[in-house]
> 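Would you mind keeping the following structure in view while I ask a few things?
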Amino acid sequence: MACRTAAGLGAAAVLALSFPLHPPGRPERTRAAELAAPSAAGVPVHVVQGRSDPFGTPEEVAAVLPAGCRLTPVDGPHALERSAPAVTAAALAALASVP
C-alpha cells in the first residue's frame with residue numbers, strides 16, 4: 001500500500017518490509033511496477049526482504065528494483081519476526097538516511 005500512495009501523499013521515502021513481489025509459486029504475476037512507482041515519482045525506496053520469502057527472494061526483488069533504491073536481505077521467510085533485530089537495524093538505518 002505504501003508504494004501505491006507514497007507520491008500522492010508526499011512521502012519522503014518508502015520502507016517496505018517483506019514486499020510481496022508475487023504470489024508464492026507465481027513469479028509471472030509480478031508487482032514490479034508497483035514497487036517501481038515511488039522511485040519513478042522521486043520517492044526513494046528501501047526494501048527489507050527475507051532470504052527465503054516465498055513472495056519474492058531478495059534476488060528476485062533486486063532484479064526489478066529501480067536504480068537508486070536499496071535492498072537489505074535478512075534471514076527468514078515473509079514473516080520477519082525471527083529476524084527482528086536485523087529488521088530493526090535495517091529499518092533504523094534506512095530511516096536515518098532519509099533527507
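Residue indices begin at 1 and follow the sequence shown.
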> Keeping the roles fixed (side chain from Ser52, backbone from Gly76), state whether a donor-acceptor pair exists under 3.5 Å.
yes
> I'd like to know if the side chain of Arg82 reaches the main chain of Asp75, judged simply by a donor and an acceptor atom lying under 3.5 Å from each other, with no hydrogens or angles considered.
no
> Are Leu71 and Leu95 co-members of a hydrophobic cluster defined by side-chain heavy atoms under 4.5 Å apart?
no
> Can you tell me how far apart NE2 (His78) and CG (Leu17) are? Round to the nearest 0.5 Å.
10.0 Å
> How close do Val14 and Cys3 get, heavy atom to heavy atom, and via which atoms?
CG1-SG, 4.1 Å
> Within the structure provided, determine whether Val45 and Val43 are in side-chain contact (heavy-atom separation under 4.5 Å).
no
> Quick one: NE2 on His46 to OG on Ser97, what's the gap to the nearest 0.5 Å?
7.5 Å
> If you look at every heavy atom in Ser18 and Asp53, which pair is closest and at what distance?
CB-OD2, 3.9 Å
> Can you check whether Pro24 reaches Phe55 side chain to side chain, under 4.5 Å on heavy atoms?
yes
> In terms of hydrophobic clusters joined by side-chain contacts under 4.5 Å, are Phe19 and Val64 together?
yes
> What closest approach, in Å, do Leu15 and Ala91 show between heavy atoms, and which atom pair accounts for it?
CD2-CB, 3.7 Å
> For Gly56, does its backbone N or O pair with a side-chain atom of Gln49 as donor and acceptor, under 3.5 Å?
yes
> Minimum heavy-atom separation for Val48 and Leu80, please, with both atom names.
O-CD1, 4.1 Å
> Ser39 and Ala67: which non-hydrogen atoms are nearest, and at how many Å?
OG-O, 4.1 Å
> Around atom CZ of Arg51, are there more than 12 heavy atoms from other residues, nucleotides or ligands closer than 6.0 Å?
yes
> Run the numbers on His22 and Glu28 for side chain to side chain contact (heavy atoms under 4.5 Å, CB included), then give the verdict.
CA-CA 7 Å; His22 59 72; Glu28 72 280 2; over 6 Å; no
> Could you pull out the closest heavy-atom pair between Ala32 and Leu21, with the gap in Å?
N-CD1, 3.8 Å
> Look only at the side chain of Thr30 and the backbone of Pro27, and say whether a donor-acceptor pair between them is shorter than 3.5 Å.
no
> For Val47 and Cys69, what are the C-alpha separation, side-chain angles and deciding distance, and is it a side chain to side chain contact (heavy atoms under 4.5 Å, CB included)?
CA-CA 8 Å; Val47 180; Cys69 296; over 6 Å; no
